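Letters A, B, ... are given to chains in the order of the sequence lines, protein chains preceding strands, and every chain is numbered from 1. Computed from a prediction, not measured in an experiment: that's the story for all the values here.
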2 protein chains.
Amino acid sequence: MTQPDSLHYLGVRDAIATRIAGGELKPGERLPSERQLQVGGGVARGTIREALFQLEAEGIIYRKDRSGWYVSPPPVVYDPTRWEGFMSYVEAQGRRPETETLSKTEIACTPALAPIFGRPVGAPMYRIRRRRSVDGRAVLVETIVVDAALAPDLLSHPLDGSLTSVLKSAYNIAVARNRVDMQPCALTRGEAEALQVKSGLPGLNVVRTSYDAQGRVVEFDREYWRHDALKISVDIRVR
Amino acid sequence: MTQPDSLHYLGVRDAIATRIAGGELKPGERLPSERQLQVGGGVARGTIREALFQLEAEGIIYRKDRSGWYVSPPPVVYDPTRWEGFMSYVEAQGRRPETETLSKTEIACTPALAPIFGRPVGAPMYRIRRRRSVDGRAVLVETIVVDAALAPDLLSHPLDGSLTSVLKSAYNIAVARNRVDMQPCALTRGEAEALQVKSGLPGLNVVRTSYDAQGRVVEFDREYWRHDALKISVDIRVR
DNA sequence: AAGTGGTCTAGACCACGCC
DNA sequence: GCGTGGTCTAGACCACTTT
């Protein structure tokens with residue numbers, strides 16, 4: 001008999017959490033399979049899974065679809081008031097960043113985008129979809145939209161680094177104001193697929209709108225982060 | 001037969017989401033019980049619950065323990081770079097804020113707090129636990145710690161409003177710098193209980209450290225938010 | 001081919017909210 | 001005291017990853 005704090009699945013949770021905290025299971029390592037975790041306990045697989053979901057919600061473990069459960073690495077710290085770019089701040093934290101461009105296309109400005117950019121529906125825009133990883137684990141997918149009138153021929157530039165610095169160096173466009181919105185969400189359909197997570201997992205939706213000194217929108221970026229990959233830190237001085 | 005996109009629980013999810021989006025079920029209203037939702041479909045209750053968990057992760061519905069499932073109201077927008085205080089910004093959004101003081105005690109500075117405040121272990125501190133609600137739904141619990149040397153007799157002041165303004169008006173302590181850390185988390189034990197949610201639900205952990213002009217920590221605040229109650233918005237001007 | 005997690009069924013009992 | 005969600009069992013089959 002497992003005999004936990006009255007609840008089986010929390011007892012199983014604690015048992016696994018203890019093995020992780022004790023260093024028996026290290027970040028990135030795989031847990032025993034669900035059926036193996038059942039062994040002596042006389043516990044149904046559903047109860048084991050309940051415990052695993054709990055640990056997943058806490059950010060302690062994560063899963064690779066149909067491959068297994070793994071111990072989560074520590075989160076990346078992100079300061080929305082700075083924009084050195086993903087690559088540099090991840091590296092500064094001693095982690096290995098990676099960016100893949102999933103697609104880059106010219107699109108016509110949609111009714112949803114028109115008011116954001118202050119441009120007519122149908123105006124040419126560039127849309128870039130990227131996936132970014134830390135230490136080989138995909139942590140976010142993003143969709144960036146840029147006004148083609150401001151940055152003609154943008155897509156011929158290298159897009160796997162900082163887009164902001166491309167805009168600065170190739171087009172002399174400087175960001176003067178940044179608006180960042182963040183909201184807990186569920187990762188569904190496309191985002192979940194790109195991050196190779198189960199649809200419905202919690203995530204963080206980060207929307208960044210960058211303006212130049214004239215108030216024009218130079219970059220509109222929607223990011224979907226794994227909920228366990230990120231820690232936000234903002235430091236503000238009062239005027 | 002329900003006949004969804006191959007997956008039963010996603011079909012059930014879509015059916016419920018449609019009823020909510022269509023206005024048949026309004027924010028704050030209760031959904032039919034899990035057993036009622038099974039009716040014609042030949043669907044197991046576990047599958048229904050899978051669909052409800054999905055909607056919960058998306059922030060579309062929430063549950064009151066053993067009472068039922070309800071349609072979520074829209075989130076509150078929170079700007080960490082401003083601190084007019086919870087009461088005023090919630091009101092500004094046309095919602096009804098509420099604050100309850102759960103406890104207020106004098107404590108001895110712990111080893112964890114000592115380096116934050118730069119004070120010796122054992123130094124007197126005040127600890128205040130509060131719960132805050134929007135339109136009658138508890139959305140966050142917080143624990144605030146203040147150095148007793150800076151604000152003697154703090155606990156005799158009214159604590160259901162803005163603590164920052166009490167510090168300002170009663171002690172002439174002004175905040176010069178604010179550090180805000182946010183991280184997705186799971187609501188467990190005490191927090192879950194205070195928010196009347198099931199332990200393990202996703203939440204957002206917000207830690208705010210406020211400094212005065214001399215660099216002293218005047219307020220250390222740890223907040224646990226329901227994941228579906230909050231939207232963060234930051235607006236930054238570049239120097 | 002074997003093993004894994006993902007989904008689903010059909011029951012059961014319990015603790016607790018609500019009336 | 002009835003109905004609710006919360007927990008749990010013991011199976012089953014499937015899609016997919018891994019070897």
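- Remark: C1' of D:dT17 and CD of A:E34 are 14 Å apart, rounded to the nearest angstrom.
- Sparse packing is recorded around CD of A:E193, with 12 or fewer heavy atoms of other residues, nucleotides or ligands lying under 6.0 Å away.
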Each nucleotide of nucleotides 9-19 of chain C classed B (base within 4.0 Å of a protein heavy atom), S (only sugar-phosphate) or -, in 5' to 3' order, makes B--BB-BSSS-

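- What separates OH of B:Y9 from P of D:dC14 is a distance of 18 Å, to the nearest Å.
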Worked verdict on A:L52 versus A:I16 for side-chain contact (heavy atoms from CB on, under 4.5 Å): CA-CA 9 Å; A:L52 294 169; A:I16 299 173; 4.0 Å; yes

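- Taking atom CD1 of residue B:I48 and atom P of nucleotide C:dT7, one finds them 15 Å apart after rounding to whole Å.
- A straight line from CG of A:L37 to C1' of C:dG3 spans 14 Å, rounded to a whole angstrom.
- The shortest distance between the side-chain N/O atoms of B:S33 and the OP1/OP2 oxygens of D:dT4 is below 4.0 Å.
- Remark: A:S199 engages no residue in a side-chain hydrogen bond (donor to acceptor under 3.5 Å, both in side chains) (not counting sequence neighbours).
- Looking at A:D65 and A:R63, no side-chain N of the basic residue comes within less than 4.0 Å of a carboxylate O on the acidic one, giving no salt bridge.
- Using a 4.0 Å cut-off between charged side-chain N and carboxylate O, B:E142 and B:R132 make a salt bridge.
- Looking at residues two or more places apart in sequence or on another chain, you find a side-chain hydrogen bond (donor to acceptor under 3.5 Å, both in side chains) between A:E223 and A:R208, A:W225.
- For the pair A:R30 CZ and C:dG3 P, the interatomic distance rounds to 12 Å; values are reported in whole Å.
- B:Q36 comes within 4.0 angstrom of sugar-phosphate atoms only, judged by non-hydrogen atoms across all strands, and of no base.
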Could you walk me through whether A:D14 and A:Q54 pass side-chain contact (heavy atoms from CB on, under 4.5 Å), step by step? CA-CA 10 Å; A:D14 291 346; A:Q54 174 85 20; over 6 Å; no

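- Within 4.0 Å of B:R63, counting heavy atoms only, lie sugar-phosphate atoms of the nucleic acid but no base atom.
- Distance CD (A:E50) to P (C:dT7): 14 Å, rounded to an integer number of Å.
- Across the protein-nucleic acid pair, A:L31 atom CG and C:dT4 atom P stand 13 Å apart, rounded to whole Å.
- For the pair A:Q38 CD and C:dG5 P, the computed distance is 10 Å after rounding to whole Å.
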